[in-house]
Amino acid sequence: MDRVELAVMLGDQTTACEAARAALLDGGHFVVWDGSVRSQQLAGIYAARFRRARKRGAETLALPSTVDILTRLEATQVRIGCVSSPDRTWAFMLFFADDASAGVLSHSSWHETRL
């Protein structure tokens with residue numbers, strides 16, 4: 001999958017779409033990993049990440065809606081990808097249908113703070 005192909009897949013699934021597309025088209029690093037994971041497993045992981053982010057006061061985009069989408073998928077296998085903003089201050093996690101041809105199912109983001 002190339003940069004333009006991925007940008008086209010970033011529709012309006014969540015409120016993080018526009019920022020993820022901009023980061024990608026502005027030259028941010030991106031990767032789509034091989035293999036797939038059960039959506040229910042990811043829902044639990046990202047729900048915990050959201051709780052930790054909220055506890056720390058970290059800024060996120062669309063993390064709760066992504067958890068809802070992953071939960072509703074039940075036993076579906078999904079692939080994972082990531083787009084980082086060019087300055088590496090934001091990470092956008094992407095969740096695809098197992099074959100990736102159906103496009104992005106959901107995505108979320110959080111602000112990376114460096115201490």
Side-chain angles (χ1 to χ4, degrees):
M1 177 177 315
D2 67 26
R3 184 176 301 277
V4 174
E5 220 177 2
L6 182 54
V8 169
M9 288 184 180
L10 295 171
D12 60 355
Q13 297 88 343
T14 71
T15 57
C17 291
E18 187 176 332
R21 189 180 315 100
L24 182 64
L25 295 176
D26 286 345
H29 174 75
F30 76 98
V31 63
V32 177
W33 290 287
D34 291 331
S36 60
V37 181
R38 283 185 47 247
S39 61
Q40 291 296 301
Q41 182 179 359
L42 291 171
I45 290 167
Y46 284 89
R49 286 185 179 185
F50 177 63
R51 287 189 301 272
R52 281 192 305 275
R54 191 172 54 197
K55 184 177 179 179
R56 293 178 183 162
E59 189 176 358
T60 65
L61 293 174
L63 201 44
S65 58
T66 292
V67 170
D68 290 342
I69 291 167
L70 290 170
T71 300
R72 285 194 312 266
L73 291 173
E74 296 178 3
T76 303
Q77 294 287 119
V78 295
R79 292 182 62 195
I80 304 170
C82 183
V83 173
S84 298
S85 62
D87 63 2
R88 299 270 204 215
T89 58
W90 284 91
F92 300 90
M93 297 304 297
L94 312 175
F95 304 95
F96 301 87
D98 192 26
D99 65 2
S101 65
V104 177
L105 299 169
S106 180
H107 50 298
S108 61
S109 174
W110 53 89
H111 190 253
E112 298 287 326
T113 56
R114 306 277 186 226
L115 299 176

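All residue numbers in this chain count up from 1 along the given sequence. What's counted below: heavy atoms across the whole structure, side chains too, no hydrogens, waters or symmetry copies. These numbers were taken from a predicted model, which means no experiment stands behind them.
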Determine, stepwise, if the pair T14 / T66 fulfils side-chain contact (heavy atoms from CB on, under 4.5 Å).
CA-CA 7 Å; T14 71; T66 292; 4.0 Å; yes
To the closest 0.5 Å, what do you measure between OG (S85) and CZ (F92)?
6.0 Å
Tell me whether L24 shares a hydrophobic cluster with V8, the cluster being built from Ile, Leu, Val, Met, Phe, Trp, Tyr side chains joined at under 4.5 Å.
no
Check the pair V37 / I45 against side-chain contact (heavy atoms from CB on, under 4.5 Å), numbers first and verdict last.
CA-CA 11 Å; V37 181; I45 290 167; 5.9 Å; no
Which pair of heavy atoms, one from T15 and one from A62, lies closest together, and at what distance?
OG1-CB, 3.6 Å
Nearest heavy-atom neighbours spanning S84 and A23:
O-CB, 4.4 Å
Please report the interatomic distance CG(L73) to CG(D68), rounded to the nearest 0.5 Å.
11.0 Å
Show your working on side-chain contact (heavy atoms from CB on, under 4.5 Å) between Q13 and F95 and close with a plain yes or no.
CA-CA 11 Å; Q13 297 88 343; F95 304 95; over 6 Å; no
Distance, nearest 0.5 Å, that separates CZ of F30 from CE of M1:
8.0 Å
Measure the spacing between CD of Q77 and CG of L42 and express it to the nearest 0.5 Å.
9.0 Å
Give a yes or no answer on whether the side chain of R88 reaches the backbone of H29 with a donor-acceptor pair at less than 3.5 Å.
no
Determine the minimum heavy-atom distance between T71 and Q40, stating which atoms define it.
O-NE2, 2.7 Å
Over all heavy atoms of both residues, which pair between R21 and G11 is shortest? Give the atoms and the distance, please.
NH2-O, 3.0 Å
CZ (R49) and OG1 (T60) are apart, to the nearest 0.5 Å, by 12.5 Å
So which heavy atom on D26 is nearest to which on P86, and how close?
O-CG, 3.5 Å
side-chain contact (heavy atoms from CB on, under 4.5 Å) evaluation trace for Y46 with I69
CA-CA 11 Å; Y46 284 89; I69 291 167; over 6 Å; no
Quick one: do V31 and L25 end up in the same hydrophobic cluster if we chain Ile, Leu, Val, Met, Phe, Trp and Tyr together by side-chain heavy atoms under 4.5 Å apart?
no
Close side-chain approach of V32 to L94, heavy-atom, < 4.5 Å:
no
Where do D2 and E5 come nearest, in terms of heavy atoms and distance?
OD1-N, 2.7 Å
Does E18 CD have over 12 foreign heavy atoms under 6.0 Å away?
no
If you count the non-hydrogen atoms of other residues, nucleotides and ligands that lie under 6.0 Å from CG in D12, is the total more than 12?
no
Can you hop from W33 to L70 via hydrophobic side chains spaced under 4.5 Å?
yes
